[in-house]
Every structure is written in structure tokens, then in C-alpha cells.
S.K.: 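Structure in C-alpha cells, see below.
Computed from a predicted model, the values in this text were never measured in an experiment. Letters A, B, ... mirror the listed sequences (proteins, then strands); counts begin at 1.
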Amino acid sequence: MRRSRVFSQWLHGTLAVGVLSFLIVTGMVAQAGPAQAAAVPQTTTTIYPDVLVDDPQFNPWSCPWTLITCLWDDGGFMPKDTGSDQWVAPPGAGGGAGGSSSGSWGPVPYAGAAGSASGNDQSKVTLDGIAAVSRETSPGSGIFQFGYTITARNNSSVTSASATWWAFYTCRNNSSGAYSTILVNHGISMGTAAYNTTPAQYCPAGTAMTGVMTSNKVPPVADPPRNYPYADFGGYADQMQTQVKYKVLLDCVTAAGDPNNTMDDTVTSYTVDYTGVKGGFVYPSCQSRDPQSHYGGAKWQFTMPGDFTYRDMMVNKPDRSSYPPACFYDGCPLKVRYRGSDCMAGSIPCAEWTKSRQTDPSSYTCWWGAQQRGIDKCFVLERAYQLVAVKSTHANTDGDPSTGDSGTGSTGGSTGGSSGGGGGVPPTVSIPTTSPNDPGGDDGSCFPSGLAVLNPVEWVLRPIRCALTWAFVPSGSFFPDLSLDLSGAWQDSAPGKWVGALSGITNGLTVSDGECWGPSFTLPGQFGGTIDLQDKLCSEPVIAARNIAYAGMSALLVIGGVLTCVRLLGSSVGYSTGGGS
Amino acid sequence: MIIQLLLSVIVGVIKTAISLMPQVAIPDWVVSAGDAVRTVMASAGGFAYWVPLALGVKVAATVMAVLAAGFLIRVGRMILSFFTGGGGS
């Protein structure tokens with residue numbers, strides 16, 4: 001018995017020594033090559049300027065409204081087929097317009113009709129067609145003309161109708177590159193006959209037209225704010241019977257990357273007629289403050305009647321994943337896609353996407369709305385998908401994850417400065433890199449060198465460290481590659497696709513805080529339009545009653561939820577809380 | 001190397017298991033259901049000041065999670081029931 005135990009101990013010891021020796025030998029072989037590379041290589045990295053600011057070809061005006069047309073580099077218009085919105089090309093349109101469809105644009109927003117008490121009865125006026133075209137008034141003149149045709153129909157029984165058609169067009173200064181936004185506020189007044197007009201709008205001399213946008217839609221009250229410099233009061237205005245003030249806090253992201261350059265501008269004192277026309281105002285332009293800046297978001301505030309304390313109305317701040325493009329919510333953000341799916345903050349393939357892309361370039365694409373762009377356009381989103389929030393407007397917009405704010409201070413400063421230049425020659429910086437196989441500390445070699453050769457301990461520890469590192473420490477690219485492999489397989493699988501589709505549903509389960517006056521109601525015309533319950537619902541004792549009822553409903557929900565959960569869990573383990581014999 | 005080998009084998013097994021799942025086309029209504037849900041929630045949001053809708057959504061989500069957990073527990077119990085672990089007469 002004793003002999004067998006001794007033999008067992010000997011056997012275990014021999015095996016342990018054998019395994020350790022094997023690891024040491026193989027580790028030394030594996031490490032011998034890299035360890036001899038004593039010199040630290042220098043990597044030259046190009047710093048890209050902020051290339052995304054106000055790209056003329058992809059003006060962020062799109063989203064909820066219909067982008068009629070974009071002016072491309074060749075000076076021609078490319079009409080956009082808007083599907084259900086039905087673009088109608090003008091007869092004989094020049095400037096490269098092409099493609100057409102027919103049909104009605106439907107009701108005109110903000111339409112009214114005489115003889116009816118309702119102020120915004122869209123059923124009165126139907127927009128049968130909008131056509132727009134733009135071209136230089138004469139070749140080489142540099143003066144662009146935007147012409148449009150409106151065909152509307154009074155389909156009500158009243159003798160006259162009115163409507164307002166709005167459009168926007170942008171003009172880009174040929175020398176400075178600054179943009180200006182021009183609002184077309186076209187009043188339509190008609191009798192029973194069809195309305196048809198063809199006015200023209202011009203960009204100022206020295207500027208080129210870059211886009212025209214319009215819509216026949218009335219945005220619903222709950223619709224997210226649109227991505228264009230226009231504030232539509234929508235249903236909020238209907239709830240105001242007396243004078244209120246509106247304020248827009250506009251965030252202009254400067255070319256130097258400062259996202260907090262807030263422009264505080266009180267727009268106007270605004271009076272809303274209870275039965276009148278809704279209104280709005282044009283934002284002040286970020287470019288008027290800094291030609292190289294772009295729109296970073298806005299917060300709207302308004303005052304309550306009789307109380308001129310500003311309250312938040314809407315906050316239109318693009319989230320980090322869509323920064324810096326001037327898009328709200330999911331309108332038309334710049335995004336990186338991994339194998340066709342939008343990257344999400346914290347997702348494994350995207351957190352270090354610029355790094356992962358080096359080994360898998362075909363899996364990553366860059367998208368601006370529905371347009372695919374060159375991958376370099378997305379370098380500004382280098383850190384946008386990291387789990388810990390890092391604004392992509394930081395200095396690290398060079399597409400190289402190894403250049404951070406810390407550790408390579410010269411990099412950050414030079415990036416911001418180059419962006420401020422707005423498109424100069426990209427500077428280059430030299431970034432020292434370390435050997436990826438450095439097992440840690442020292443010079444990373446598996447054998448001592450210099451005076452260390454005299455230390456016998458070094459001759460033991462270093463080979464062992466090398467061997468253990470080789471055996472148990474995965475290579476630097478192993479985990480990213482593995483996670484890419486696994487996540488790709490998951491996303492391509494049936495469960496992954498279903499989870500992705502269902503997540504779209506669950507993501508929609510968000511509820512706003514609501515307001516004391518509740519939702520907006522609009523009754524048929526004979527009952528007099530919009531109901532305003534603000535005065536009745538937003539004061540005591542209704543608020544006190546609401547607080548009690550709200551607390552009671554919350555308590556019932558929680559208690560009911562807890563009991564349901566207990567019952568479900570109990571039944572799953574065979575315990576029934578119900579009755580029965 | 002050893003860790004890499006182990007993890008590679010595990011991931012390979014998982015990928016094989018995933019690849020065995022049949023591909024079922026996702027109906028369009030599922031894809032577009034998110035928009036419908038957002039529309040409904042946006043409309044319901046007008047009542048949020050008066051009705052604890054957000055809390056209701058959280059409670060409903062919790063109940064659904066517990067329901068799923070209960071299902072998994074049941075499945076686990078079923079599987080364990082195949083292994084008697086001795087006993088009996």
C-alpha cells in the first residue's frame with residue numbers, strides 16, 4: 001500500500017515535470033523569433049479631418065420629409081423616387097431630371113377653406129402635383145434657379161380654399177462652402193377651379209443650390225422632430241390660446257469638434273390663434289456662427305400662458321451613435337454596418353471595429369442614411385460603438401484605435417486642429433507600437449540579456465514565463481476574431497434573425513412622460529376643432545386627484561405583477577397557490 | 001494555446017448547434033411590427049401623465065421574463081427527471 005502511494009506520487013511528479021519541460025521548450029521555440037526583434041517599430045498614421053460636416057451630396061435633409069431632389073456635382077438634378085409620395089417630374093424639365101410617376105400628393109398640410117370653421121381641414125385641398133427643377137439660369141453663370149409647379153384642387157363644397165405649401169432649399173457658397181437655408185412659404189388661394197402656378201426661386205449669386213425639400217405631410221404631434229432647421233409647433237401650438245414664447249437652444253458642433261458650442265437664441269414671441277394657422281420658425285443657422293460648424297442638435301422650450309418660465313418642450317439631441325451627422329433619432333445617421341447589420345454601442349464586432357476591420361475588411365461598411373459611403377467616412381465613428389460612451393467628435397477621429405486621448409497626447413491635439421482647418425492636407429503623426437507578443441515587462445525576451453545573464457534566476461523565470469504565456473495567454477486577436485466568428489454565425493442563423501426582428505418590437509416599447517393636458521383631440525368641424533383641456537386638467541384639485549389615482553394604479557400594478565410572478569414561479573416548481581382539492 | 005484550443009472547440013460546437021437550426025423566413029409583419037408598436041406607444045404617450053404606462057410596460061416585461069424563466073425551469077425539471085439518481089423500491 002505504502003509502495004503504491006510512493007509510486008503514485010513519483011508518477012505525478014514525473015508527469016508534472018514532463019509537461020512543464022514540454023511547455024518550456026515549445027514556448028522558447030515559439031518566442032525565439034519575436035523576442036529577437038528588439039527595435040520598436042514606428043507606425044505612420046494619417047489623421048483624417050472631420051470629413052462629414054455638411055456633405056453637399058448627402059445633405060442630412062431627408063428623414064420624415066421628402067427629399068425631392070439633390071443637386072449633384074455635375075450640376076444636374078437627380079429626382080428621388082419617393083415611392084408612395086410620388087414624385088411628379090415637370091414636363092420638359094431640364095437639368096437632368098428623369099423618372100416620373102403620377103398621382104396625387106394628397107391633402108395639403110395647413111390647408112383651410114372659407115366657409116368652414118375649422119382652421120386646418122386638410123380635406124379641403126388636395127395637392128395633385130408638385131414638380132421642381134433647378135438649373136443654372138445660363139451655363140456657367142453660377143446662378144441657380146429653383147422652379148416649381150403646384151397643382152392643387154379645391155375638393156370641398158366651399159367657394160374658396162387656401163393652403164400653404166412649404167419647401168426649403170439650400171444654397172452653398174461657392175467660395176466659403178457655407179450653407180444657407182431658404183424657406184419657400186407659398187400661399188395658395190383658390191376658388192373652385194384648379195390652382196396652378198409656376199414661380200421660381202433663386203440662390204444668391206455666388207452660391208449653388210444643393211437641395212430642395214418639401215412634404216405634403218403633416219407630422220403627427222408625437223412625431224420626432226425633423227432633421228432640418230425648422231421648428232414646427234405642430235399640435236403644441238393648438239394647445240396654446242394665448243401668447244407664449246418659444247426658445248431654441250441650438251447646439252452647433254464646431255469644426256474643431258466642440259459639441260457644446262450652444263447658441264442660445266430666443267426666436268420670437270409667438271401668438272397662436274386658436275383656430276388659426278399653425279406656425280413655426282426657421283432655426284438660426286450654425287453656419288452663420290461658424291461656417292465650418294454643423295448642426296448638432298437642439299432643445300426647444302416654451303412658456304406656459306401667463307407664466308413665462310421656460311419649460312423643455314423637445315430635446316433633439318442626436319445620440320452618441322448617430323453623432324456627428326446632424327440627424328435626429330434614426331433619421332439618417334451615419335452608421336457602420338457589420339455584415340449588413342447596424343452596429344450598436346457595445347456590440348462585440350463593433351466596439352473595436354476599426355481594429356477588427358483590419359483582418360476582416362469586407363464585413364464593415366459605412367452608411368449615411370440609405371447611401372453607402374467609403375469606409376473612411378466612418379472613421380469619425382471610430383469610438384462610437386464602445387460600451388463606455390466616448391463622443392466621436394473627440395480628437396480620436398483618425399481611424400486608429402491606438403491613438404487615444406491618453407497616452408498619445410500629440411495625436412489628440414493635432415486632430416482637432418486639423419479639423420478646424422476644414423479639409424487641409426491631413427497631417428501625419430508617428431505612433432510607437434509595441435510587440436504584440438510581449439509577454440509582459442522587461443524587453444519581453446525569453447532569455448536574459450545584458451547583466452541579467454549573470455542572474456541564474458532569470459535563466460529559469462524567463463523561459464517559464466514565456467512557456468506559460470504561450471500556453472495560456474491567447475493572442476491579441478484571438479478574442480476579437482472569436483467573437484466576430486460567433487456573432488456572425490449567430491446573426492446569420494434563424495434564431496439570430498428572429499431575435500433581431502423581435503428586438504425592433506421591444507425597442508418600440510418606450511413611453512414618454514406625457515403632459516398634464518393629455519393627448520390632443522381634434523373633433524369634426526361642426527364641434528369646433530381642437531379641444532384644449534390644459535386649464536382644466538393642469539390645476540388643482542385635479543392634479544392632487546391625479547397624484548392619488550396615479551399612486552393607486554402604480555401600487556396595483558406592482559402588487560399584481562409581484563403576485564403574478566410568484567404564482568408563475570411557484571407553478572414552475574410544482575407549487576400551486578390556487579385552490580382546488 | 002491551450003485556452004485558445006478549448007475556446008475554439010466550444011465555439012465550434014456552438015456554431016454547429018446554431019447552424020442546425022432551420023432557416024425560417026421572417027414575415028414582413030414581424031419586421032414592420034416595431035413601427036406599429038412605436039406608433040401605438042406614441043399615441044398612448046399622451047396619457048402617460050395620467051396612467052402609469054411606463055410602469056405597466058416594465059411590469060409586463062418582468063412578468064414575461066418570469067414566464068420565460070418558469071418555462072426554462074420546467075424544461076430543466078423534465079430533463080432532470082430522466083436521471084433518477086437511484087432510489088425507488
Side-chain angles (χ1 to χ4, degrees), chain A residues 26 30 220-224 470-475 478-479 482 485-486 489-490 492-498 500-520 537 546 549-551 553-554 557-558 560-562 564-566 568-574, chain B residues 1-4 7-8 10-12 14-27 30-63 65-77:
Chain A
T26 51
V221 174
D223 193 32
W470 172 83
F472 295 107
V473 179
S475 63
F478 175 71
F479 282 114
L482 195 68
D485 196 20
L486 191 57
W490 169 254
D492 292 340
S493 68
K497 290 176 181 176
W498 275 94
L502 294 176
S503 65
I505 300 176
T506 56
N507 290 340
L509 291 172
T510 56
V511 183
S512 61
D513 293 337
E515 295 288 356
C516 57
W517 55 71
S520 174
L537 296 180
R546 172 264 177 196
Y550 195 90
M553 285 185 285
S554 300
L557 271 174
V558 171
V562 169
T564 304
C565 290
V566 169
L568 288 173
L569 283 176
S571 64
S572 66
V573 296
Chain B
M1 190 59 71
I2 295 173
I3 300 295
Q4 286 187 210
L7 290 177
S8 298
I10 293 171
V11 168
I14 295 173
K15 284 177 61 179
T16 304
I18 290 175
S19 65
L20 294 177
M21 304 282 185
Q23 289 285 348
V24 180
I26 301 174
V30 174
V31 178
S32 59
D35 294 333
V37 169
R38 269 185 282 273
T39 302
V40 170
M41 297 308 290
S43 301
F47 295 97
Y49 185 82
W50 296 92
V51 180
L53 294 175
L55 181 62
V57 169
K58 289 175 184 171
V59 169
T62 304
V63 170
V66 170
L67 191 63
F71 174 76
L72 292 177
I73 291 173
R74 284 176 186 270
V75 171
R77 291 180 63 203

S.K.: Given a strict heavy-atom distance threshold of 4.5 Å, which part of B:V63 is in contact with chain A: side chain, backbone, both, or neither?
M.R.: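 For B:V63, backbone and side chain are both near chain A.
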
S.K.: In Å and rounded to the nearest 0.5 Å, what is the CG to NZ distance from B:L20 to B:K15?
M.R.: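 The NZ atom of B:K15 is 12.5 Å from CG of B:L20, to the nearest 0.5 Å.
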
S.K.: With B:R74 as the cation and B:F71 as the aromatic partner, state whether NZ or CZ is under 6.0 Å from the six-membered ring centre and within 45° of the axis.
M.R.: no

S.K.: Side chain, backbone, both or neither: which part of B:L67 has a heavy atom under 4.5 Å from chain A?
M.R.: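 Contact with chain A is through both the backbone and side chain of B:L67.
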
S.K.: Among B:P52, B:S19, B:G70, which has the most heavy-atom pairs under 4.5 Å with chain A?
M.R.: B:P52

S.K.: For A:T564, which atoms come within 4.5 Å of any heavy atom of chain B: side chain, backbone, both, or neither?
M.R.: side chain

S.K.: I need the minimum non-hydrogen distance between B:V59 and A:L557, along with the two atoms involved.
M.R.: CG1-O, 3.8 Å

S.K.: Closest heavy-atom contact between A:F472 and B:I3?
M.R.: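 So the minimum-distance heavy-atom pair works out to O-CG1, 3.2 Å.
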
S.K.: Using non-hydrogen atoms only, which part of A:V562 is less than 4.5 Å away from chain B: side chain, backbone, both, or neither?
M.R.: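 For A:V562, neither part sits under 4.5 Å from chain B.
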
S.K.: Between B:W50 and A:M553, what is the shortest heavy-atom contact and its length?
M.R.: O-CE, 3.0 Å

